[in-house]
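Accompanying notes for the structure given below.
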Number of protein chains: 2
Amino acid sequence: MATSTVENYLKHVLLLSEGGDDLVSMGALATAMEVVPGTATTMVKAIAGEGLVEHQPRYGVKLTAKGRRLALNVLRKHRLIETFLVNVLKMDWSKVHEEAEQLEHAISDEVLDRLDALLGHPTTDPHGDPIPNRQGRLNSQVYATLATCALDIPLRVVRVTEQSAEFLQFVEQNGLLPGAGIRVADRNLTAGLVKLKKTGGRTPIVSVAAAGKILVEPGK
Amino acid sequence: MATSTVENYLKHVLLLSEGGDDLVSMGALATAMEVVPGTATTMVKAIAGEGLVEHQPRYGVKLTAKGRRLALNVLRKHRLIETFLVNVLKMDWSKVHEEAEQLEHAISDEVLDRLDALLGHPTTDPHGDPIPNRQGRLNSQVYATLATCALDIPLRVVRVTEQSAEFLQFVEQNGLLPGAGIRVADRNLTAGLVKLKKTGGRTPIVSVAAAGKILVEPGK
DNA sequence: AGATTGTTTTTGACTCCTCAAAATGTTGCT
DNA sequence: AGCAACATTTTGAGGAGTCAAAAACAATCT
Ligand SMILES: [Mn+2]
Ligand SMILES: [Mn+2]
Ligand SMILES: [Mn+2]
Ligand SMILES: [Mn+2]
């Protein structure tokens, strides 16, 4: 059985290769894992020896089919646990990521299935992140962000792609939770600011950097 | 923060000193932890250095106040998680011990409190084991067992003191779950057998060894 | 008291994961 | 082509937890 360290490496390789399926660099992986680059190299060589990743020395790393299966199972656990903590235990959506980071390695597949049923087989977690299904199918739809979408058309927030508690609290304070209706009133790239208009009247202003982490779809 | 290995050592010292509060022997601790005796000695010296236990070389080990607080918190997590898995997720009572063995180290105090509230602040887990309260108070009442109680008086099963899945399934098959009404019809020490009589008619026969693990109180 | 038995401790070695710092390779720039 | 900047790998070391086997000790029996 893979240790929780190995599970974390695999999960981060998966997350870092979302979208483009090219190689993940050692530097990016080391940063994500919060270790020095040499440690990442050592571990990648070790898990490559177990057939979980393919290592192109000096260029990067990618998951094998076996590694991907494992990584998707960990990600499914993570996101279902987050959903449970918010929907059933009513925890703050800004704090569940840290919890799930631990629990994802402790929970069995049987408990996972029962949680999934209890929650009604959800397809996204509280942050709008898609939950891989039992078969390991991950719905990786590409969305526009508040930094790139067209101005003045009705939108709906579908996902927030950052897990830090501070950022999530900021998002909540400005009423930009997944599901919120919104439109972009103005965008000033030189000033780095995006002016929003909520259905209901509020007009929050966020930085372009923050706007790029809020994914939207055309909405009622 | 204590590692999960340390948490397990502390929990087992607590469990092995239930009742009498004298020293726990290295041999008993090593067996419980499923390590060789030398490993237990090494670990006990290490956690003694952190002020979690007091080590009487050559005689045994006992918890300090600090170690006891930690151990009780782990035990509380273990038993509340078991209760959650059975009462909410409807898992088999014979399988939840293994699950809780992992989850007890991954769950935060905040999730613990919310689980406790969701479950309605239970005082015992599915096996009848008492759940320490938030203040670390553990109700260690001493009960009679089916191997020692008086014959032919009405009894109620209150606790089963063994966690192996096989034994718990055996108990369930014979309708001896906590709460079951029962009386001892006959006890033959030489043959090592105990004949029971259930309210409802069934008359299961169990070994004296098994009977000693089923705790009862005088009951309707 | 002396010998035997069983328990505990010590010692040396190993796995897993990590870091610091030096060595090496790659890329882009002049 | 030569050099600088940056990323990656290698090397040596250490902490946590474990085992096997030898040494030390305690308890018990003659
Ligand atoms: Mn998360
Ligand atoms: Mn999430
Ligand atoms: Mn248990
Ligand atoms: Mn229990």
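Within every chain, numbering begins at 1; the chains are lettered A, B, ... in the order of the sequence lines, protein sequences first and strands thereafter. These values consider heavy atoms only, across backbone and side chains, with no hydrogens, waters or symmetry-generated copies.
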Options [options], nucleotide nearest the side-chain atoms of [X]:
X       : options                : answer
A:Met43 : C:dC17, D:dT18, D:dA26 : C:dC17
A:Tyr59 : C:dT18, D:dT8, C:dT27  : C:dT27
B:Thr41 : D:dA20, C:dT9, C:dT27  : C:dT9
B:Val35 : C:dT27, C:dT9, D:dC19  : D:dC19
A:Pro37 : D:dT9, D:dA16, C:dT8   : D:dT9
A:Val6  : D:dA20, C:dC17, C:dT18 : C:dC17
A:Met26 : C:dT9, D:dG17, D:dT8   : D:dT8
B:Thr5  : C:dT18, C:dT9, D:dT18  : D:dT18
B:His55 : C:dT9, D:dA26, D:dT9   : C:dT9

Sugar-phosphate only, base, or nothing, as touched by B:Gly38 at under 4.0 Å among non-hydrogen atoms: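 Base contact.
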Exercise: do [X] and [Y] side chains pair donor with acceptor under 3.5 Å:
X        : Y        : value
B:Gln141 : B:Tyr143 : yes
B:Asn8   : B:His105 : yes
A:Thr148 : A:Thr145 : yes
B:Ser164 : B:Glu162 : yes
A:His97  : A:His127 : no

Closest nucleotide of DNA chain C for A:Met33 versus for A:Pro57: which of these residues is on the 5' side? A:Met33
Nearest-angstrom distance from the residue atom [atom1] of [X] to [atom2] of [N]:
X       : N      : atom1 : atom2 : answer
B:Leu10 : D:dG17 : CG    : C1'   : 15 Å
B:Arg58 : C:dT9  : CZ    : P     : 6 Å
A:Ile47 : C:dC16 : CD1   : P     : 13 Å
A:Lys45 : C:dT18 : NZ    : C1'   : 16 Å
B:Leu29 : D:dG17 : CG    : C1'   : 14 Å
A:Tyr9  : C:dC17 : OH    : P     : 8 Å
A:Glu34 : C:dC19 : CD    : P     : 10 Å
B:Gln56 : C:dT8  : CD    : C1'   : 14 Å

Which residue pairs satisfy the salt bridge (Lys or Arg N to Asp or Glu O under 4.0 Å) criterion with at least one member in residues 42-62 of chain A, sequence neighbours excluded? none
OP1 or OP2 of C:dC17 under 4.0 Å from side-chain N/O of A:Thr39: no
Short side-chain N/O contact from B:Thr3 to OP1 or OP2 of D:dG17, under 4.0 Å: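 Yes, B:Thr3 has a side-chain N/O under 4.0 Å of OP1/OP2 on D:dG17.
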